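Worksheet: one structure, shown below.
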2 protein chains.
Amino acid sequence: MGTVAKALSLLDLFTLARPEIGLSDLARLSGMNKATVYRMVSELQAEGLLEQTGTRAYRIGPAVLRLAALREATVPLRAAAMPLLQRLSDRTGETVHLSFLEGGKLGTYAFTYADAHGTSVRMEDAAVLPFHATASGLAVLAYLPPDRREALLTPPLAGFTAATQTDAARIRAALSQVRASGIAVSTGGFEADVSSLAVPLFAADGSVTGALAVATPVSRMTDALRARIAQALTDTAPALGALWGASPLLQDTPPPPVPEPTD
Amino acid sequence: MGTVAKALSLLDLFTLARPEIGLSDLARLSGMNKATVYRMVSELQAEGLLEQTGTRAYRIGPAVLRLAALREATVPLRAAAMPLLQRLSDRTGETVHLSFLEGGKLGTYAFTYADAHGTSVRMEDAAVLPFHATASGLAVLAYLPPDRREALLTPPLAGFTAATQTDAARIRAALSQVRASGIAVSTGGFEADVSSLAVPLFAADGSVTGALAVATPVSRMTDALRARIAQALTDTAPALGALWGASPLLQDTPPPPVPEPTD
DNA sequence: ACCAAAGGTTCAAATAATGAACCAATCAAA
DNA sequence: TTTGATTGGTTCATTATTTGAACCTTTGGT
């Protein structure tokens with residue numbers, strides 16, 4: 001792991017729940033030396049990726065807004081995807097959630113709510129999803145090349161709820177199911193009261209790039225709803241893939257053109 | 001300059017005009033070795049700050065969207081500032097433009113248009129402003145500590161138009177004017193047909209953090225309009241500063257509490 | 001079939017990152 | 001106010017990483 005990667009990994013310590021972090025905490029959380037962290041945050045600050053608050057704690061800086069504007073101007077994907085997500089929300093009556101592989105992480109990209117129900121699953125933007133504990137993560141994991149998959153399945157796997165599956169062997173078995181059906185399911189693995197279905201999304205070259213998911217409160221999930229959501233997901237995924245030039249040939253072939261890995 | 005800063009400086013090579021850059025071009029533009037650049041972009045890519053297109057060129061990656069969402073959740077400044085900017089636009093009938101110091105750079109943060117005129121100055125989000133050639137830049141420069149100011153004024157200064165002032169001595173003289181009046185003026189220094197007025201913005205600790213500017217087509221700028229804009233700017237700046245806790249005491253003291261530096 | 005330029009890779013040499021220890025400032029409790 | 005613990009920040013010899021010339025392979029144009 002190079003110095004640059006280590007410095008950038010500091011950015012991932014900031015979350016909605018922990019938006020400001022002091023120097024000592026940053027050193028503790030990252031496991032790096034305080035002097036090292038200090039030099040890194042100084043460089044990140046000079047670039048505007050971090051900034052220091054009045055209490056000397058660090059937080060994400062204003063430069064990311066400029067970069068984000070540049071990103072959306074370059075790849076106006078979110079704008080194009082939102083109507084598709086909204087239609088899927090309306091059709092299923094549930095929260096829809098689009099995530100993409102960002103380097104080695106699965107990041108939330110966009111989501112939409114239905115206004116059908118009084119209760120719905122609340123999503124956070126700015127979230128990174130665990131691969132082994134979410135439907136989206138499993139959908140991606142199932143179609144990742146074996147080496148990358150195994151790297152992400154090496155113990156210890158974090159437990160988020162009592163229902164989180166942390167046994168790598170069982171997860172591998174679940175991934176075979178995902179490949180067989182083309183759909184990933186997860187119930188309460190990340191958030192206790194949430195049940196999700198997800199389908200993988202593929203890049204133009206056939207590699208997996210993200211996932212499209214529908215999340216419902218566990219109390220509402222039934223076999224009938226599951227079937228309706230699965231149908232809606234497989235209907236929507238090709239149109240979404242078309243936005244970045246993925247082949248619509250995948251449309252009627254649930255197990256996509258990634259060979260069943262020999263694991 | 002540390003390795004991290006060098007790697008991050010690559011991000012600044014991407015602009016709206018040049019949103020995708022190949023490896024060799026990145027090496028040329030940055031003046032770094034190709035192998036060095038390659039390792040850096042690989043690390044930036046692993047973090048999702050860059051991504052590679054089908055043609056192997058690099059562009060800003062999706063992770064910046066996640067970070068931007070986190071930033072706005074942490075510091076919902078843009079949302080709070082926009083109505084103030086819009087009022088200023090409506091009042092002056094011109095384009096308003098808010099920029100902040102991001103580390104060593106002056107980055108565009110937000111802008112609003114008036115719908116009064118058929119013509120107006122178009123701004124780009126995702127833009128970095130030169131200090132010596134814009135009203136915003138001069139406003140900031142005037143109140144920066146002498147060492148930081150001098151660092152930014154060391155020749156060679158880039159020329160953007162025939163009217164760009166690139167003589168550091170003359171710019172220093174102009175900065176005295178800015179400190180005397182509390183307002184910076186620039187005509188055609190960055191974009192040929194644009195004339196701007198700007199006031200500095202100060203952080204809670206009294207240090208300069210950015211600028212608020214009004215930009216008009218040169219053809220429309222008159223002394224009368226200049227006076228009206230200057231008034232509108234000095235009226236708005238305190239309310240804007242209040243958003244981040246800057247002292248409203250500055251309201252009626254055009255030369256803010258930064259001592260006239262001995263230069 | 002050719003050439004030029006691109007992306008990507010290698011390895012010894014050079015340089016930058018590292019971490020233990022240190023200082024000064026802040027804060028809470030005694 | 002004294003104490004003690006913790007914070008942000010700094011130093012410097014040791015160490016490990018980055019660097020860059022040269023190399024290979026692929027791509028695209030003529």
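Chain naming here is simple, since letters A, B, ... match the order of the sequence lines and numbering starts at 1 in each. The model shown is predicted, which means the values in this text are computed figures rather than measured ones.
- Residue-to-nucleotide proximity on DNA chain D shows that, of B:Asn33 and A:Asn33, the 5′-proximal contact is made by A:Asn33.
- One can place CG of B:Leu50 at 14 Å from P of C:dG7, the figure rounded to the nearest angstrom.
- Each of A:Val4 and A:Thr55 was matched to the nucleotide of DNA chain D holding its nearest heavy atom; the match closer to the 5' end belongs to A:Thr55.
- The base of D:dG9 is paired with the side chain of A:Lys34 by a donor and an acceptor separated by under 3.5 Å.
- Between D:dT7 and A:Gln52, no contact under 4.0 Å exists linking OP1 or OP2 to a side-chain N or O.
- Picking from D:dT18, C:dT10, C:dG7 the nucleotide with the shortest atom distance to the side chain of B:Ala35 gives C:dT10.
- At whole-Å resolution of the value, CD in A:Glu43 and C1' in C:dT18 are 13 Å apart.
- Taking only side-chain atoms of B:Thr3, from C-beta outward, the nucleotide of D:dT17, D:dT19, D:dG20 with the closest atom is D:dT19.
- Counting to the nearest Å, the P atom of C:dA17 and the CG atom of A:Leu44 are 13 Å from each other.
- Going from atom CD1 of B:Ile21 over to atom C1' of C:dA6 covers 15 Å, rounded to whole Å.
- Between the OH atom of A:Tyr38 and the C1' atom of C:dC22 there is a distance of 15 Å, given to the nearest Å.
- Of the N and O atoms on the side chains of A:Thr53 and A:Thr55, at least one donor lies less than 3.5 Å from an acceptor on the other residue.
- Between the CD atom of B:Glu20 and the P atom of C:dA6 there is a distance of 16 Å, given to the nearest Å.
- Considering only side-chain atoms of A:Thr36, the nucleotide from C:dT18, D:dT19, D:dG9 that sits closest is C:dT18.
- Contact annotation: the side chain of B:Leu144 approaches that of B:Leu152 to within less than 4.5 Å [non-hydrogen atoms, C-beta and beyond].
- Taking the side chain of A:Tyr58 as heavy atoms from C-beta on, and the options C:dG19, D:dG20, D:dG9, the nearest nucleotide is D:dG9.
- Comparing A:Arg56 and A:Met32 by the nucleotide of DNA chain C that holds the closest heavy atom to each, the one mapping nearer the 5' end is A:Met32.
- Put simply, the side chain of B:Arg66 does not reach to within 4.5 Å of the side chain of B:Arg71, judged on heavy atoms.
- Of the listed nucleotides (D:dT19, C:dG8, C:dT18), C:dT18 has the atom at the smallest distance from the side chain of A:Arg39.
- Rounded to whole Å, the distance from CG on B:Leu23 to P on D:dT26 is 17 Å.
- Distance from the side chain of A:Arg28 is smallest to D:dT7 among D:dG8, D:dT7, C:dT10.
- Residue A:Lys6 places at least one side-chain N or O closer than 4.0 Å to OP1 or OP2 of C:dT18.
- A salt bridge links A:Arg172 with A:Glu150: the distance from a Lys NZ or Arg NE/NH1/NH2 to an Asp or Glu carboxylate oxygen falls below 4.0 Å.
- Nearest to the side chain of B:Ser24, among C:dA6, D:dG9, D:dT19, sits C:dA6.
- Contact check for A:Leu240 versus A:Leu85: side-chain heavy atoms found under the 4.5 Å cut-off.
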